[in-house]
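Below: the structure, in structure tokens.
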Protein chains: 2
Amino acid sequence: MTSEKRGRPRRSSTRALEEAAAELFLEQGYSHTTVDDIASRAGVSRATFFNYFHNKSDVLWVDVDRALVYLSQSVMEASHLGRALELLAHDVAPQAVPLIASQFEAMEADLDLRGDGGQRVIQLAAIVAQAGVSPRDVWMVTGALVSAALEWSGAGVSRAALGNYLGEHLERIRSVVDAGSAASLF
Amino acid sequence: MTSEKRGRPRRSSTRALEEAAAELFLEQGYSHTTVDDIASRAGVSRATFFNYFHNKSDVLWVDVDRALVYLSQSVMEASHLGRALELLAHDVAPQAVPLIASQFEAMEADLDLRGDGGQRVIQLAAIVAQAGVSPRDVWMVTGALVSAALEWSGAGVSRAALGNYLGEHLERIRSVVDAGSAASLF
DNA sequence: CTATTTATTATACTGCGTCTAAATATTAGG
DNA sequence: CCTAATATTTAGACGCAGTATAATAAATAG
């Protein structure tokens with residue numbers, strides 16, 4: 001995905017494949033949709049799909065993964081999780097709820113997708129740890145963040161900004177985390 | 001897996017397959033070991049492997065899964081997460097650290113196994129929710145439990161009983177959870 | 001000895017993910 | 001214009017996971 005000016009132009013895009021996949025998942029369910037189906041609908045070959053995504057399920061988690069990458073980089077630079085989260089929340093529009101969150105059950109793939117979700121939770125925990133939160137607090141903080149994200153995505157169209165939920169849930173654990181963790185969080 | 005007295009006797013066992021798999025994973029790494037390899041070493045056919053496990057990775061998580069099933073049933077009966085955890089901890093010997101926990105990096109399968117771990121975390125969260133912990137506390141409690149389990153399994157051979165770690169980590173969040181959650185926890 | 005029960009096994013199939021090599025479409029520069 | 005360099009698409013083959021089915025084998029009950 002270098003895409004300067006030279007070379008054969010792209011025939012598709014992450015977005016296009018995302019949309020094709022979303023359509024099919026809603027029509028036929030996740031497990032009954034093959035990668036071939038997605039590629040076909042997007043007008044490219046199966047091989048090309050894998051130029052854009054590592055695997056079938058990633059197509060659903062694109063937004064979440066982008067957020068995690070952003071957060072990870074942001075933490076590396078700022079070394080302050082609280083600030084990194086503010087930056088992230090600021091960049092996420094209230095409408096931009098990941099597809100996976102808004103239309104989970106419609107895709108009838110609970111079991112298939114549970115593992116993928118858990119993978120992201122673990123990744124988040126790794127970022128929290130990287131941010132300098134003390135080991136014994138890592139999972140408590142991670143839990144608070146997951147909680148906030150779920151409440152945010154679960155709230156209807158009238159949801160507030162993501163930052164509000166994050167702030168609220170972190171505030172609740174402020175009094176019980178180590179001093180070191182607090183320093184990185186608030 | 002009914003196994004009364006009638007019918008053809010079993011040629012293998014979960015344990016035997018577990019051990020065969022563990023050997024191979026340590027020898028060759030997780031991703032370079034096929035289900036065929038495992039079955040062969042255990043002296044059965046590939047098809048038989050799937051009579052004992054749902055999939056390749058489950059073989060590493062048997063102990064964790066057993067604990068989760070136990071916990072889930074226990075919660076259904078007692079409707080009290082705290083008590084269910086005590087019962088669980090009481091039944092788990094200090095040496096019985098799941099294979100996956102003790103020999104994680106030796107298997108060179110970080111990425112492959114991360115998803116499986118996350119899956120269990122999500123399952124745990126579901127049990128916590130089922131136990132009547134209030135929704136906004138579910139992930140905080142889950143985080144505390146994961147934290148405890150990791151500290152327990154990460155401690156050397158001199159580790160204390162699992163119950164100690166669980167109690168300690170839950171105690172830390174006691175002051176910040178809802179009254180309803182506390183009722184189910186303590 | 002036969003019927004019943006349970007487990008093992010062979011076999012075939014779908015689909016994911018990987019890899020390689022070839023084909024295609026574009027730009028840069030002589 | 002033509003050629004080289006570059007970037008992307010694509011076909012095709014492969015290994016392996018996981019599912020399903022039907023046949024076979026080994027035990028017990030009566």
Side-chain angles (χ1 to χ4, degrees), chain A residues 1-18 20-21 24-25 27-62 65 107-116 119, chain B residues 1-18 20-21 24-25 27-62 65 107-116 119:
Chain A
M1 293 257 241
T2 333
S3 200
E4 303 303 310
K5 308 209 124 177
R6 270 220 275 277
R8 180 173 178 170
R10 295 185 171 281
R11 192 176 228 278
S12 187
S13 67
T14 343
R15 272 276 166 258
L17 284 163
E18 248 181 283
L24 287 162
F25 290 162
E27 285 173 24
Q28 322 173 346
Y30 179 83
S31 65
H32 293 98
T33 303
T34 69
V35 173
D36 245 322
D37 291 338
I38 302 172
S40 293
R41 177 156 309 193
V44 293
S45 77
R46 193 183 104 98
T48 298
F49 174 91
F50 288 107
N51 280 346
Y52 289 88
F53 296 97
H54 289 61
N55 52 54
K56 177 180 166 185
S57 63
D58 272 11
V59 80
L60 283 171
W61 295 90
V62 142
D65 288 337
M107 294 176 180
E108 307 170 348
D110 291 17
L111 275 170
D112 303 272
L113 299 182
R114 189 160 298 182
D116 300 307
Q119 210 171 324
Chain B
M1 293 258 243
T2 333
S3 200
E4 304 302 311
K5 307 211 124 178
R6 269 223 275 278
R8 180 171 178 172
R10 296 187 169 280
R11 193 177 228 279
S12 189
S13 66
T14 344
R15 272 275 166 258
L17 285 163
E18 248 182 283
L24 287 161
F25 290 162
E27 286 173 24
Q28 321 174 347
Y30 178 84
S31 65
H32 294 98
T33 303
T34 69
V35 173
D36 244 323
D37 291 338
I38 302 171
S40 293
R41 177 155 310 193
V44 294
S45 77
R46 192 184 107 98
T48 297
F49 175 91
F50 288 107
N51 280 346
Y52 290 89
F53 297 97
H54 289 65
N55 52 53
K56 178 179 165 185
S57 63
D58 272 12
V59 79
L60 283 171
W61 296 90
V62 185
D65 288 337
M107 294 175 178
E108 306 170 348
D110 291 17
L111 275 170
D112 303 271
L113 299 182
R114 189 158 298 182
D116 299 308
Q119 210 170 325

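Labels below follow one simple rule: chain letters A, B, ... track the order of the sequence lines, proteins then strands, and each chain is numbered from 1.
Using five terminal pairs a side, the axes of the helix from C/dC1-D/dG30 to C/dG30-D/dC1 at its two ends make an angle of 10°, given in steps of 10 degrees.
For the pair A/M107/A/L60, a side-chain contact is recorded, criterion being any heavy-atom separation below 4.5 Å from C-beta on. In this structure, A/T14 and A/V59 have side chains that are not in contact, with every pair of non-hydrogen atoms separated by 4.5 Å or more. Considering only heavy atoms from C-beta on, B/F25 comes within 4.5 Å of B/I38 through its side chain. At a threshold of 4.5 Å between non-hydrogen side-chain atoms, the residues A/Y30 and A/L24 do not count as touching.
Closest heavy-atom contact between A/S13 and A/Y52: CA-CE2, 3.8 Å. When every heavy atom of A/L113 is checked against every heavy atom of A/W61, the shortest pair comes out as O-CZ2, 4.1 Å.
One atom, OH of B/Y30, and another, C1' of D/dC16, lie 12 Å apart when rounded to the nearest Å. Atom CZ of A/F50 and atom P of D/dC14 are 18 Å apart (whole Å). When the P atom of C/dT18 is taken as reference, atom NZ of A/K56 falls 15 Å away, rounded to whole Å.
Applying the side chain to side chain contact (heavy atoms under 4.5 Å, CB included) criterion to A/A47, with sequence neighbours excluded, gives A/S45. Listed by chain and number, the residues in a side-chain hydrogen bond (donor to acceptor under 3.5 Å, both in side chains) with A/R15 are A/E18 (sequence neighbours excluded). Scored by the side-chain hydrogen bond (donor to acceptor under 3.5 Å, both in side chains) test, B/S57 finds B/N55, B/D116 as partners (sequence neighbours excluded).
Taking for each of B/G7 and B/F49 the nucleotide of DNA chain D with the nearest heavy atom, the 5'-most of the two is the partner of B/F49. For the pair B/N55 and A/P9, both in contact range of DNA chain D, the more 5′-proximal nearest nucleotide belongs to A/P9.
Phosphate contact (OP1/OP2 of D/dA26, side-chain N/O of B/R11, threshold under 4.0 Å): absent. In terms of phosphate contacts, B/R10 brings a side-chain nitrogen or oxygen within less than 4.0 Å of OP1 or OP2 of C/dA7. Neither OP1 nor OP2 of D/dT8 sits under 4.0 Å from any side-chain N or O of A/Y52. Remark: A/R6 is not in phosphate contact with C/dA25, judged by side-chain N or O atoms under 4.0 Å from OP1 or OP2.
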Could you go over nucleotides 21-24 of chain C and give all protein N or O partners under 3.5 Å, atom names and distances?
| from | atom 1 | to | atom 2 | distance (Å) |
| --- | --- | --- | --- | --- |
| C/dT24 | O2 | A/R8 | NH1 | 3.3 |

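Contacts between residues 32-48 of chain A and DNA chain D, defined by a heavy-atom separation under 4.0 Å, are made by A/V44, A/S45, A/A47, A/T48.
Pairs of residues two or more places apart, or lying in two chains, that qualify as salt bridge (charged side-chain N to carboxylate O under 4.0 Å, His left out) and include a residue from residues 33-45 of chain B are B/E23-B/R41, B/E27-B/R41. Within the structure, salt bridge (charged side-chain N to carboxylate O under 4.0 Å, His left out) contacts touching residues 47-59 of chain B (residues at least two apart or in different chains) are B/D58-B/R120.
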